[in-house]
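Below: the structure, in structure tokens.
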2 protein chains.
Amino acid sequence: MRLDAFDRKILAILQKDNTTPQRTIGEAVNLSAPAVQRRIKRMTEEGVIRANVAVVDPVALGQSITIFVEVEVISETAAQIEAAKREFAAAPEIQQCYYVTGEADFILVVVVPAMADYEALTRRLFFGNNNVKRFRTFVAMDRVKVGLGVPVEGY
Amino acid sequence: MRLDAFDRKILAILQKDNTTPQRTIGEAVNLSAPAVQRRIKRMTEEGVIRANVAVVDPVALGQSITIFVEVEVISETAAQIEAAKREFAAAPEIQQCYYVTGEADFILVVVVPAMADYEALTRRLFFGNNNVKRFRTFVAMDRVKVGLGVPVEGY
DNA sequence: TCTCCGGACGAAACAAACTTGCAAAACAGA
DNA sequence: TCTGTTTTGCAAGTTTGTTTCGTCCGGAGA
């Protein structure tokens, strides 16, 4: 279904703070609270809104290390790729996993309490997987900007 | 402040769905609704909970291309790095920006409607910045797993 | 051991937000 | 223009969030 300007503006607000009262959203977009509520409900049912989540500070939880990993595989058959996707997706330390084009095949974002945990992960997922040709590690020193939002334009 | 097992369990729930009623959370963790409410309030004030956001499907918004970029800079003085951080953080297309160690200095996650928009971004931020030595692009073909959560353990 | 004190809890009362039914307005196609 | 469809706003009803208040538990000091 097509999203109109109201929907996009509502999404822009919810991506910043989904605890904003519908009445407040309504005032911002010039719509009544029930109208806002119905649009949110519809977008949720249609999958435009995938989830509503709290963003937690990793440092507060003692899970302070964020690591990017580029993974290159040996065999890129559909079956092998699917197997790798499943394996990466199943690991709780892997917060984000993308299958990409370029000089690598996968890019992972890993969050762990300490480097030792990352080493354990590499042994388990990379050295223990003989389809992994090579992987390259980048340790985050500063999370300058962290968002999962989608830029909303055209309203 | 130290988080106990109740806090961690509450966080685990809120990271999945922060619209869960406090009463329901209370039943899950064996606490009354007001107790849950007080803990959430405290964790929000302390910054453990950074934000409450809706996760939107980029495809639904027509912003379907996700791109990873490794950026290497020429000069790594503190002033230059801070300038780069500010510039990257200010770009709305850049959803995530990390300052990292390894073979690159920054890793960016860019979300744009089309490749042409990414090209415009490269001209503006990379070719237009004479401190950028080199950048490498990875286009996501499949967002296998997308999360900003933090693994919660020990409860 | 006893008492005091601070912190956290649960029950209940209260306030705010969400949800639904319904009639009217806006809109698209014939 | 007319009609059918869709969406809106209002108001009532329901659920959820918040505050209050009295109680309990655990530690510090006499």
[X] [atom1] - [N] [atom2] separation (whole Å):
X     : N      : atom1 : atom2 : answer
B:I25 : D:dT16 : CD1   : C1'   : 11 Å
B:I40 : C:dC9  : CD1   : C1'   : 16 Å
B:R23 : C:dA11 : CZ    : C1'   : 15 Å
A:E45 : C:dT19 : CD    : C1'   : 13 Å
A:D7  : D:dT8  : CG    : C1'   : 14 Å
A:N52 : C:dA17 : CG    : C1'   : 15 Å
A:F6  : C:dC27 : CZ    : P     : 10 Å
B:L3  : C:dA8  : CG    : P     : 13 Å

Shortest side-chain distance from [X], nucleotide among [options]:
X     : options                : result
B:A35 : C:dC9, D:dT16, C:dT19  : C:dC9
A:L31 : C:dT20, D:dG9, C:dG10  : D:dG9
A:K41 : C:dT20, C:dG10, D:dT19 : C:dT20
A:R39 : D:dT7, C:dA12, C:dT20  : D:dT7

Below 4.5 Å, heavy atoms only, C-beta onward: do B:K133 and B:V73 meet side chain to side chain? no
Would a 4.5 Å heavy-atom cut-off, applied to side chains only, mark A:Y118 and A:E93 as touching? no
Spacing of CZ belonging to B:F127 relative to CZ belonging to B:F135, to within rounding of 0.5 Å: 4.0 Å
From A:D105 atom CG to A:E76 atom CD, the distance as rounded to the nearest 0.5 Å: 4.0 Å
Touch class at under 4.0 angstrom, heavy-atom based, for A:P34 against every strand present: base
Would you indicate, yes or no, if D:dT16 has its OP1 or OP2 atom less than 4.0 angstrom from a side-chain nitrogen or oxygen of B:Q37? no
Within less than 4.0 Å of OP1 or OP2 of D:dT18, is there a side-chain N or O belonging to B:Q22? yes
On a heavy-atom basis, which atom in B:Q22 and which in B:Q37 lie closest, and how many Å separate them? OE1-CB, 3.3 Å
Within the modelled atom types, does a donor on one side and an acceptor on the other bring the side chain of B:R38 and the base of D:dG17 under 3.5 Å apart? no
